[in-house]
Enquirer: 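Sharing a structure here in structure tokens format.
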Amino acid sequence: MPICLSALISCGGGQGKTPELTCEADLPGHVLTTMAGSCYDGKYSNIEGLTTMLMNSEADAIQAVRQGIAEVFVCDETVLTDESLKELGLKVAFKGKDEFACAIAFPKGDTDILPEFNEFLTMMKADGTLDAIVDYWLHGGPPVPYPEAAEIKNEKPIRFSVAVSTAPIGYIKDGEWTGLDPDLMKRFCAWAGRKVEINYLAVASAIMGLQTGQLDAMGGSIFATEERRAYVAFSDPYYICHPAFFVKDESAVSEGGFFSWIKKSFKSNFLVEKRWKLLTDGLLVTMEITLLAILLGTLLGVGYCFLAMSRRRWMRSAAGVYDYLMQGIPILVLLLIMFYVVFAGAGISAVWVAVITFALNFAASAGNVFASSIASVQKGQWEAGNALGFTPVQTFRWIIFPQALKNGLAPYEGHCISLLKGTSIVGYIAVMDITRASDLLRSRTFEAVMPLLAVTVLYFVLAWLLRRLLNLALLKK
């Protein structure tokens, strides 16, 4: 969804004049964009005369303003640095008067990590370290040295999710998560003698992860609102944030032409901070999930085919129920159920949850292809094998299977390609595939075209290679 939206936004092109906004009273009559599910969503969606566009990421919202689709973007004042504003051709129209306490979220009723984290915050507030860390990340102050790490007391890592992927709150640099919130969690773990695992999940998914035991803590400039306290527990606040309203800066001058933009875009998206590694790492994960899911799904599909073609009615009925379930449940919903419900707390990695989910879904499609391919072979072929003295197994192996393989290879290939493209949703369970890598790139550069182009090429090449691999493996000439 975010990728499709960014593509449309990038191809848009309204060039309306920047509105003169000085306070919230000036907002009615304009188009405002913000993050879906945020505090700003709830506050501004119901203002009479104000058109609100809800986006899935800050990058999408920013592109909407840059392309003239929306006139103003409201978000935390920390979401864009002065340098980013200059590069994007944006400016702050005004800052709101609301104050939001930012805190780290923990599972409801947590008595293990939360009290210790609050003790850590209290200590850092008392000696001024917390203010120095906030000043470094948000205001360009001097760096704060790391304390000496304590001896590891607990081998089980703290699973921490960053709910945003923008500097300076939380972002990937040189392959490592950094920013204000990851820095706080790393310092806490060093002080508490714990290990830490950091990944990215959207707010709604991260809260679900806290509730189901898949996560231990969540950060990312999270506002500790009363509504959210009903679902999660919050630490003591570590920063007070204000909303900012961003608009286009008409005084910004575009430098260079098309080729200059290509060069600059390529450098910022792939060369700076070695960001190309995000795509290569995501490529390997996408390939791993696809190939393992095809292998496992094919084996399960053989079992499904056996049930679907059985002479026993109850077996055929079981296969039919399974087929209806796989056809009726969207793959994204199935993936979330498997991750947050079925395997919650099981200790299985998100990659393997994705493999199992796609294999189960693929099994029904592959099994139907196998069954229809076998059924397409004329019954006379079985009789011919029997006349030649073949056993049923030999008849299937030497007569039926080659013909069924020829009939079923094309649709089987199609389902394999569909599985490959379907893996683009695994980012919803914190798996860093190609699509999620593109999302992180866009969140760092706030540009859609180059990351989308790279992902499009990668998926096209993978689909071509997968088709060639299947043709070679199945001896199709």
Side-chain angles (χ1 to χ4, degrees), residues 1-2 35-38 41 56-57 104-114 156-165 170 177 181 185 196-220 222-223 225 227-234 282 285-286 288-290 292-293 296-297 300 322 325-364 419 422-433 435-437 439-440:
M1 178 66 178
M35 289 278 292
S38 66
D41 173 1
N56 289 330
S57 71
I104 301 298
F106 295 86
K108 193 75 171 177
D110 178 21
T111 58
D112 177 22
I113 306 174
L114 176 55
K156 183 180 178 181
I158 294 177
R159 296 162 299 176
F160 179 68
S161 176
V162 184
V164 299
S165 56
W177 278 100
D181 286 29
M185 185 53 63
V196 62
E197 291 179 356
I198 303 177
N199 59 35
Y200 166 77
L201 276 175
V203 175
S205 297
I207 290 178
M208 191 181 300
L210 291 176
Q211 295 175 328
T212 57
Q214 299 284 26
L215 293 176
D216 299 308
M218 173 184 70
I222 303 299
F223 298 161
T225 63
E227 183 180 11
R228 288 173 175 172
R229 289 183 187 276
Y231 303 98
V232 298
F234 284 101
V285 172
T286 295
E288 178 184 6
I289 293 174
T290 300
L292 290 176
L296 179 58
L300 295 175
Y322 182 80
L325 286 174
M326 292 299 104
Q327 289 186 21
I329 302 177
I331 186 63
L332 174 57
V333 175
L334 180 63
L335 180 66
L336 295 177
I337 291 174
M338 296 293 286
F339 184 71
Y340 290 114
V341 180
V342 177
F343 291 110
I348 298 178
S349 71
V351 170
W352 272 105
V353 172
V355 169
I356 293 172
T357 301
F358 280 97
L360 291 173
N361 185 266
F362 182 76
L419 187 153
T423 60
S424 60
I425 65 172
V426 296
Y428 281 90
I429 59 171
V431 175
M432 184 67 71
D433 71 317
T435 303
R436 180 44 57 93
D439 291 342
L440 293 179

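Residue indices begin at 1 and follow the sequence shown.
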Enquirer: Please name all residues satisfying salt bridge (Lys or Arg N to Asp or Glu O under 4.0 Å) with Arg159, sequence neighbours left out, ordered by chain then number.
Expert: Asp216
Enquirer: Does some side-chain heavy atom of Tyr428 sit less than 4.5 Å from a side-chain heavy atom of Leu332?
Expert: yes
Enquirer: Apply side-chain contact (heavy atoms from CB on, under 4.5 Å) to Met338 and Ile429, showing your working.
Expert: CA-CA 10 Å; Met338 296 293 286; Ile429 59 171; over 6 Å; no
Enquirer: How far does CD of Gln214 sit from CE of Met208, to the nearest 0.5 angstrom?
Expert: 11.0 Å
Enquirer: Calculate, to the nearest 0.5 Å, the distance between atoms CG and OG1 belonging to Leu336 and Thr357 respectively.
Expert: 9.0 Å
Enquirer: Please name the pair of heavy atoms, one in Leu335 and one in Val426, separated by the smallest distance, quoted to 0.1 Å.
Expert: CD2-CA, 4.0 Å
Enquirer: Could you name each residue pair satisfying ring pair (Phe, Tyr, Trp, His ring centres under 6.0 Å) that touches residues 340-362, not counting sequence neighbours?
Expert: Phe362-Tyr412
Enquirer: For residues Asn199 and Val162, determine if any side-chain heavy atom of one lies less than 4.5 Å from a side-chain heavy atom of the other.
Expert: no
Enquirer: Go through the steps to decide whether Leu334 and Met326 satisfy the test side-chain contact (heavy atoms from CB on, under 4.5 Å), and finish with yes or no.
Expert: CA-CA 9 Å; Leu334 180 63; Met326 292 299 104; 4.1 Å; yes
Enquirer: If you take all heavy atoms of Leu210 and Pro107, which pair is closest and at what distance?
Expert: O-CB, 3.7 Å
Enquirer: As a quick check of understanding, evaluate side-chain contact (heavy atoms from CB on, under 4.5 Å) for Ser165 and Trp177, giving each step before the final call.
Expert: CA-CA 9 Å; Ser165 56; Trp177 278 100; 4.2 Å; yes
Enquirer: Between Tyr200 and Met432, is there a side-chain heavy-atom distance shorter than 4.5 Å?
Expert: no
Enquirer: At their closest point, which heavy atom of Ala217 faces which heavy atom of Ile104, and how far apart are they?
Expert: CB-CG2, 4.1 Å
Enquirer: Let's go through Tyr231 and Lys108 carefully: what are the C-alpha distance in whole Å and the side-chain angles of both, what is the deciding distance for side-chain contact (heavy atoms from CB on, under 4.5 Å) to 0.1 Å, and is it a yes or a no?
Expert: CA-CA 6 Å; Tyr231 303 98; Lys108 193 75 171 177; over 6 Å; no
Enquirer: Just how far is it from atom CD1 of Ile425 to atom CG of Asp433, taken to the nearest 0.5 Å?
Expert: 9.5 Å
Enquirer: With rounding to the nearest 0.5 Å, note down the distance linking CG in Asp112 to CD1 in Ile158.
Expert: 7.5 Å
Enquirer: Of all the heavy-atom pairs spanning Gly427 and Leu201, show the shortest one and how long it is.
Expert: O-CD2, 4.0 Å
Enquirer: Between atom CE of Met218 and atom CZ of Phe160, what is the distance when rounded to the nearest 0.5 Å?
Expert: 9.0 Å
Enquirer: Report the distance from atom CD1 of Ile207 to atom CG of Leu215, rounding to the nearest 0.5 Å.
Expert: 10.5 Å
Enquirer: Is any NZ, NE, NH1 or NH2 atom of the basic residue among Asp439 and Arg436 found under 4.0 Å from an Asp or Glu carboxylate oxygen of the other?
Expert: yes
